[in-house]
Peer 1: 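One structure, as structure tokens, below. Some questions next.
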2 protein chains.
Amino acid sequence: MNASGINNSVVKAFTLLEYFSGSKTQWGVREMARHLGVHESTTYRLMATLESLGVLYKNPENDKYALGLKLYDLGHRVKVFETLVQLSHPELQKLSDEIEETVHLGIWHKDEVLMIDKVEGEKGLRLNSRIGQSSPIHCTGLGKTLLAFREDCFVDILFGNGELEVYTPFTLSSKTMLQENLKLIRNQQFAIDRQEFELGLICVSVPVFNKDGEIIAALSAAGPSDRFKESHLNNYVSILKEGADRIKNKIGNFKAR
Amino acid sequence: MNASGINNSVVKAFTLLEYFSGSKTQWGVREMARHLGVHESTTYRLMATLESLGVLYKNPENDKYALGLKLYDLGHRVKVFETLVQLSHPELQKLSDEIEETVHLGIWHKDEVLMIDKVEGEKGLRLNSRIGQSSPIHCTGLGKTLLAFREDCFVDILFGNGELEVYTPFTLSSKTMLQENLKLIRNQQFAIDRQEFELGLICVSVPVFNKDGEIIAALSAAGPSDRFKESHLNNYVSILKEGADRIKNKIGNFKAR
DNA sequence: AATCATTGTTTCACATAATGAAACACAAGG
DNA sequence: CCTTGTGTTTCATTATGTGAAACAATGATT
């Protein structure tokens with residue numbers, strides 16, 4: 001192997017696999033060799049090897065290769081949440097240290113926000129949130145962030161009947177109000193929840209994108225309203241955004257769902 | 001590379017990945033090396049390479065490796081139905097040639113039967129089924145087969161309220177009748193639909209298992225009731241079963257869903 | 001029909017790059 | 001404080017993957 005200890009053949013194999021996408025599902029050997037920048041002979045043997053493993057599938061009609069069932073199988077063994085959490089957790093820790101408040105990581109799951117990780121601040125007054133908990137989309141920082149950066153139609157799917165459950169006097173109670181707020185969130189790239197779900201609880205949230213610009217999760221910092229001064233919020237947001245960027249670099253172009 | 005043209009490093013990489021399973025999600029380097037029968041040094045470099053690609057993820061707490069998000073990503077790019085169809089299609093062709101009737105391949109999709117492949121018989125009177133069509137579970141041969149070999153709870157999930165939509169006078173209209181029929185199907189390892197969905201249409205169906213014994217799809221032969229004599233059915237069933245076995249050998253331990 | 005330009009595939013000499021033994025650094029446990 | 005485990009690095013050796021060229025088969029163009 002080369003000096004750095006990286007196995008070149010394995011790297012080649014996976015960069016080859018990366019070329020298969022939704023828009024280009026079939027590749028011939030020489031065609032792939034040109035794009036890969038690897039000799040056609042080598043490329044052929046790589047693809048033949050992958051086919052013998054079931055990782056690629058060779059279409060007997062045109063001798064072109066497509067991704068095979070073995071990859072499907074392996075891909076479904078991955079513990080997604082766990083991995084996402086493990087990659088993000090160190091960042092949550094940093095954010096919580098810096099902001100000195102509780103930081104959450106949430107994803108879209110079954111039309112609610114599922115909190116998949118949390119690092120508590122050191123302060124005495126804490127939240128009673130817990131990992132694994134689901135909360136409504138329309139009245140939480142995480143939820144509104146996740147919704148704001150998805151396709152517009154989700155607002156209709158979720159709130160087509162116009163019913164937004166009200167939790168506090170501050171809850172956005174109409175679809176129009178929510179849509180205005182979502183527009184604001186898209187513009188400023190962060191969401192604020194001012195006691196919309198729970199009285200006395202304020203929360204700022206930013207999106208976590210993958211390298212393809214798709215929203216994967218949302219980060220939030222939350223705390224009691226008398227500690228969460230308006231003057232702090234901008235600072236919190238910029239810190240959270242840096243964290244989201246670092247997570248982006250770790251997860252690459254990971255796709256959720 | 002070795003004489004056969006197979007790239008050894010790539011084979012090692014994937015046999016290594018195969019060791020990750022639902023029950024054993026984390027592997028240390030030396031531990032893996034022992035099971036693989038590959039030198040620990042080599043194993044380490046393999047795993048380090050895979051980690052740098054995002055295929056493996058190294059847990060910083062215990063230095064053990066788990067499957068990473070890259071695999072998740074790749075796995076979800078696989079056109080599952082297409083591959084399943086491409087592997088099965090030649091067998092469907094053979095079955096149709098032998099039985100001289102239309103043969104279908106169906107899978108469970110969104111609580112219905114999705115017909116993902118079809119080979120028409122040469123006979124004049126044909127069915128108006130088409131690939132991509134979804135049909136009800138409880139009154140089709142494919143559907144009842146798929147249901148019979150899944151966990152019992154699915155009957156309750158689908159028909160918990162006791163409502164079975166009736167299509168013809170022959171449709172099984174109560175949950176109890178359906179459950180009795182499912183028991184019979186499990187016993188004799190095939191299902192018959194005698195005009196339960198469409199008047200004049202008879203259909204025999206057998207399960208397609210993977211090598212782990214999980215049901216992946218169902219095969220059926222269908223035709224008009226005046227051509228589908230009772231005396232033929234047993235013969236059709238045994239032919240279909242052989243086809244299902246050959247498909248099993250092609251798909252290996254492929255897991256659906 | 002015949003030519004041309006593709007394709008996937010195989011061969012073979014060559015040098016790169018993967019290999020295994022041993023040593024290293026760091027932990028945890030007795 | 002030694003022992004035993006771990007992940008990791010080093011280095012000489014040679015197995016192993018590589019690229020140029022040739023082969024066989026296909027489809028399009030002339």
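A note on names: the letters A, B, ... follow the listed sequences, proteins ahead of strands, and every chain is numbered from 1.
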Peer 1: Just checking, is any N or O donor in the side chain of S41(A) or R45(A) under 3.5 Å from an acceptor N or O on the other one?
Peer 2: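 Looking only at side-chain atoms, R45(A) and S41(A) do form a donor-acceptor pair, the distance falling under 3.5 Å.
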Peer 1: Rounding to a whole Å, what distance do you find between Q26(A):CD and dT7(C):C1'?
Peer 2: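 It works out to 15 Å between those atoms.
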Peer 1: Using whole Å, what does the distance between atom P of nucleotide dT18(D) and atom CG of N7(A) come to?
Peer 2: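 Computing the N7(A):CG to dT18(D):P distance gives 10 Å.
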Peer 1: Between S41(A) and V10(A), who's closer to the 5' end of DNA chain C by nearest nucleotide?
Peer 2: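 Nearer the 5' end of the strand: S41(A).
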Peer 1: Rounding to a whole Å, what distance do you find between H39(A):NE2 and dT7(C):P?
Peer 2: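 Taking NE2 of H39(A) and P of dT7(C), I get 13 Å after rounding.
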Peer 1: Could you state the atom-to-atom distance from CG of N8(B) to P of dT18(D) in whole Å?
Peer 2: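 In whole Å, dT18(D) P and N8(B) CG are 12 Å from each other.
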Peer 1: Give a yes or no on whether the ring-centroid distance for Y236(B) and F190(B) is below 6.0 angstrom.
Peer 2: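 Not close enough - the centres of the two rings lie 6.0 Å or further apart.
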Peer 1: Could you check whether S220(B) and S205(B), counting side-chain N and O atoms only, form a donor-acceptor pair closer than 3.5 Å?
Peer 2: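 S220(B) and S205(B) do not have a side-chain donor-acceptor pair below 3.5 Å.
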Peer 1: Could you check how far CZ of R45(B) sits from C1' of dA21(C), rounded to whole Å?
Peer 2: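 Taking atom C1' of dA21(C) as the reference, CZ of R45(B) is at 11 Å.
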Peer 1: In this structure, how many angstroms lie between the P atom of dT16(D) and the NZ atom of K12(A), rounded?
Peer 2: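 Value for this atom pair: 16 Å.
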Peer 1: Any idea how W27(B) and Y19(B) line up, ring-wise: parallel (<30°), tilted (30 to 60°), or perpendicular (>60°)?
Peer 2: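 Correct class here is perpendicular.
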Peer 1: What integer distance in Å separates L36(A):CG from dT18(D):C1'?
Peer 2: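 It works out to 15 Å between those atoms.
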Peer 1: So does E31(A) pair up with K24(A), basic N to acidic O under 4.0 Å?
Peer 2: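 Here E31(A) pairs with K24(A) in a salt bridge, since their nearest N and O are under 4.0 Å apart.
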Peer 1: Provide, to the nearest angstrom, the distance between the CE atom belonging to M32(B) and the P atom belonging to dT8(D).
Peer 2: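 Going from CE in M32(B) over to P in dT8(D) covers 14 Å.
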Peer 1: Counting C-beta onward and ignoring hydrogens, is there a side-chain heavy-atom pair between R150(B) and I215(B) closer than 4.5 Å?
Peer 2: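 Result yes, sub-4.5 Å side-chain heavy-atom pair found.
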Peer 1: Would you tabulate the pairs of protein nitrogen or oxygen atoms and nucleotide nitrogen or oxygen atoms of nucleotides 4-7 of chain D closer than 3.5 angstrom?
Peer 2:
from: dG7(D); atom 1: OP1; to: V29(B); atom 2: N; distance (Å): 2.6
from: dG7(D); atom 1: OP2; to: R30(B); atom 2: N; distance (Å): 2.9
from: dG7(D); atom 1: N7; to: R30(B); atom 2: NH1; distance (Å): 2.3
from: dG7(D); atom 1: O6; to: R30(B); atom 2: NH1; distance (Å): 3.1

